[in-house]
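Remember, it's a predicted structure, so these values are computed and weren't measured experimentally.
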Amino acid sequence: MVHPPINRLARAALVAVLAATAAATPAPGSAAATRPDWRPLAAAEAPDANPLQGFIPYAGAYSTFPHSMEWFYLPLNAVMTGPRRFDWRPLDEQLDAIAARGHQAAFRFYLDYPGKPSGIPRFLLDQGLPTRPYDDFGNDGRSVSPDYDDPNLAAALDRFIAALGRRYDGDARVGFVQLGLLGFWGEWHTWPHNGDPGTENWFASPAGQRRVLNAFDAAFDETRLMVRYPGADNSALDMGYHDDSFAYSTLPGPGWHFMDLMGQAGTTDKWKRFTVGGELRPELQGCIFNAPMDCAGDGDRDFAGSVAQTHASWLLNHHAFSPGYTGAAYDNALAGAKSLGYRLRATAVRTGQRRHGLDLAVRMRNDGVAPFPYDWPLQVAAVGRDGRIARTWTTSWKLTGLLPGAPAELTAALPAAGLREGDHTLVLRAANPLRGGVPLRFANAGQDTTLPGWLTLGRARIS
């Protein structure tokens with residue numbers, strides 16, 4: 001049969017239809033062609049210990065309670081041996097011992113620790129630094145309180161803080177540095193010698209305090225800093241806080257409690273950018289998790305309320321490690337430790353093929369009370385059928401931006417160069433910069449199922 005010829009107008013219309021059809025049809029392998037759907041990721045209990053949060057002990061090897069950090073003090077004279085001489089071995093030895101246990105450290109230096117020998121460097125005493133003896137807190141004259149506004153001491157602290165920052169800022173062994181140095185225990189007070197009626201004020205002047213605050217702020221850019229008391233002089237500085245009377249004088253009311261000061265300084269939202277930590281008040285450590293709670297005396301005695309208001313990430317609570325908790329008190333203490341800090345969970349994942357790679361999107365939420373304190377690299381890896389990582393990508397995703405109550409959608413384009421065609425399992429981790437450090441684990445059933453320390457996101461085809 002002979003078909004009649006198509007006239008020029010009909011031919012032009014047919015060409016237009018075919019072109020439009022081709023334009024509307026996605027190319028094989030394109031994101032539009034695969035039209036990926038979100039795949040839910042099953043939730044699970046958060047791990048008992050995650051990096052940089054929970055209860056922590058004084059430095060030492062303990063297996064009685066889950067933890068990821070350890071705490072210690074050092075006297076300034078242990079490392080500052082002259083006006084411009086430093087011997088960092090005592091600090092490095094502590095950090096190395098803690099890191100060998102897979103933990104990061106939190107620490108502070110002191111000049112005056114009641115009941116311990118003075119931490120004042122010898123050269124300052126030889127220069128005539130004025131000091132005051134005292135018997136408070138069982139000191140019995142062992143330590144002395146220095147004149148914090150002495151010019152030689154102020155200059156020495158400037159040099160020490162600058163040297164400490166040059167050497168340790170960004171050190172993977174260090175989780176947090178508390179400013180310390182001033183006051184009893186380096187805790188920024190000299191109570192009862194604080195200028196109340198009938199008492200002298202032994203503490204540093206406001207100008208002296210600002211000098212130390214600004215010196216630390218200038219010396220550290222990466223490692224997180226903490227100061228004891230919120231105030232107008234530190235509200236704009238890059239540092240968080242430590243409440244060393246946690247759950248005792250934390251909640252607002254009398255005007256001088258920790259949250260009172262946070263409100264007065266305008267820093268109640270500062271936890272979103274800088275970590276809050278501290279110490280569970282020693283008198284409460286052995287009783288606040290009993291059922292029923294049987295702590296005697298005054299004070300808040302409200303652990304959950306203190307966590308909710310401060311958004312604390314970690315607390316020194318040595319009782320959890322020695323002598324330790326048992327029975328219901330252990331369970332309550334573990335729940336209390338896990339209520340601190342972040343709790344990250346991936347809720348869904350979506351993958352789509354793109355030219356020469358994959359499009360990946362992960363929905364993430366933080367069910368904790370605070371963000372993760374550092375932007376550890378978030379890495380995605382492709383695992384082959386042999387169970388080995390075939391390729392790793394480091395994303396630009398920021399852990400510190402995952403705030404409680406603000407779910408986020410993280411997206412990345414993953415180039416497939418160097419990968420064999422076929423199915424791979426995608427896994428995700430936040431890489432702890434401390435070699436052998438506690439892995440950050442997500443509250444997901446797929447955590448550690450493909451590889452230890454990695455969250456399984458699912459299968460994806462590389463073509």
Side-chain angles (χ1 to χ4, degrees), residues 56-61 69-101 103-131 139 142-148 150-188 204 208 211-227 316 433-437:
I56 72 173
Y58 286 99
M69 286 200 304
E70 301 176 30
W71 164 262
F72 65 92
Y73 296 90
L74 273 180
L76 181 58
N77 59 14
V79 299
M80 193 170 192
T81 59
R84 289 178 174 78
R85 292 199 312 271
F86 302 95
D87 178 0
W88 299 110
R89 285 177 297 179
L91 178 53
D92 281 325
E93 287 169 0
Q94 279 277 34
L95 295 177
D96 286 342
I98 292 170
R101 293 186 282 269
H103 299 154
Q104 266 108 357
F107 65 89
R108 88 170 70 130
F109 280 88
Y110 66 85
L111 289 162
D112 179 14
Y113 190 119
K116 290 190 176 185
S118 173
I120 301 170
R122 182 74 248 174
F123 73 89
L124 286 169
L125 297 173
D126 292 341
Q127 289 173 352
L129 173 65
T131 61
N139 183 53
R142 293 197 73 194
S143 185
V144 291
S145 181
D147 177 359
Y148 291 104
D150 177 79
N152 289 332
L153 174 57
L157 295 184
D158 285 347
R159 292 190 294 271
F160 165 72
I161 294 165
L164 184 70
R166 282 194 300 270
R167 185 175 177 91
Y168 294 99
D169 187 30
D171 192 313
R173 300 171 296 175
V174 180
F176 301 91
V177 175
Q178 294 184 356
L179 270 59
L181 295 173
L182 304 182
F184 297 148
W185 304 283
E187 203 172 304
W188 284 60
R211 183 168 177 164
V212 172
L213 287 164
N214 292 331
F216 269 104
D217 193 37
F220 286 85
D221 292 321
E222 297 180 43
T223 300
R224 294 296 193 180
L225 299 172
M226 291 178 163
V227 65
L316 175 62
L434 178 67
R435 181 176 296 182

- Message: For the CG atom of D96 and the CZ atom of R101, what is their distance to the nearest 0.5 Å?
- Response: 11.0 Å
- Task: List the steps, then state whether side-chain contact (heavy atoms from CB on, under 4.5 Å) holds for R108 with W185.
- Result: CA-CA 9 Å; R108 88 170 70 130; W185 304 283; 4.1 Å; yes
- Might you point out which heavy atoms bring Q94 and A59 nearest each other, and give the distance in Å? OE1-CB, 3.9 Å
- Provide the full list of salt bridge (charged side-chain N to carboxylate O under 4.0 Å, His left out) pairs with a residue in residues 109-125, sequence neighbours left out, each pair given once. R122-D126
- For the side chain of Q178 and the backbone of A106, is there at least one donor-acceptor N/O pair under 3.5 Å apart? no
- Which distance, rounded to the nearest 0.5 Å, do you find between the CG of D217 and the CD1 of I161? 11.0 Å
- Of all residues at least two apart in sequence or in a different chain, which pass the side-chain hydrogen bond (donor to acceptor under 3.5 Å, both in side chains) check with R167? D92
- Item | Min side-chain heavy-atom separation F72-I98 under 4.5 Å | yes
- Task: Applying side-chain hydrogen bond (donor to acceptor under 3.5 Å, both in side chains), name anything that partners S145, two or more places apart in sequence or on another chain.
- Result: none
- Message: Ignoring hydrogens, what is the shortest heavy-atom contact between A172 and P433? Give both atom names and the distance.
- Response: CB-O, 3.6 Å
- Do you know the tightest heavy-atom contact between S143 and S118? OG-CA, 4.0 Å
- Query: Once you round to the nearest 0.5 Å, how far does CD1 of I56 lie from CD of Q104?
  - Reply: 11.0 Å
- Euclidean distance, L111 CG relative to Y148 OH, rounded to 0.5 Å: 5.5 Å
- Query: Taking all atoms of both residues into account, what is the closest heavy-atom pair of G180 and W188, and its distance?
  - Reply: O-NE1, 2.9 Å
- Which residues satisfy the side-chain hydrogen bond (donor to acceptor under 3.5 Å, both in side chains) test with D171, sequence neighbours excluded? R173
- Item | Least distance between heavy atoms, Q127 atom then P83 atom | NE2-CG, 4.4 Å
- Message: Please evaluate residues L181 and F160 with respect to the criterion side-chain contact (heavy atoms from CB on, under 4.5 Å), reporting the C-alpha separation (whole Å), side-chain torsions for both, the decisive distance (0.1 Å), and the verdict.
- Response: CA-CA 10 Å; L181 295 173; F160 165 72; 4.2 Å; yes
- Message: Apply side-chain contact (heavy atoms from CB on, under 4.5 Å) to residues F107 and V177 and explain how you reach the verdict.
- Response: CA-CA 5 Å; F107 65 89; V177 175; 3.7 Å; yes
- With R142 via salt bridge (charged side-chain N to carboxylate O under 4.0 Å, His left out) - residues at least two apart: none
- Message: Using 0.5 Å steps for rounding, measure from the CZ atom of F220 to the CZ atom of R166.
- Response: 10.5 Å
- Message: Can you confirm whether more than 12 heavy atoms, excluding those of R89, are under 6.0 Å from its CZ atom?
- Response: no
- When L129 is tested against each of V144, I120, N152 for side chain to side chain contact (heavy atoms under 4.5 Å, CB included), which residue passes? I120
- D147 side chain to T131 backbone, donor-acceptor under 3.5 Å: no
- Check P75 against G119 and note the closest heavy-atom contact, atom names and distance. CB-CA, 3.7 Å
- Task: I would like to know whether W88 and L164 meet side-chain contact (heavy atoms from CB on, under 4.5 Å); could you show each step before the answer?
- Result: CA-CA 9 Å; W88 299 110; L164 184 70; 3.8 Å; yes
- Answer yes or no: is there a side-chain heavy-atom contact under 4.5 Å between F176 and M69? yes
- Query: Tell me the side chain to side chain donor-acceptor pair (under 3.5 Å) pairs involving residues 72-83, sequence neighbours left out?
  - Reply: none
- Flag the pair L95 / Y168 as yes when at least one side-chain heavy-atom distance between them is below 4.5 Å, and no otherwise. yes
- Taking the side chain as C-beta and beyond, is there a heavy-atom pair between V227 and V212 under 4.5 Å? no
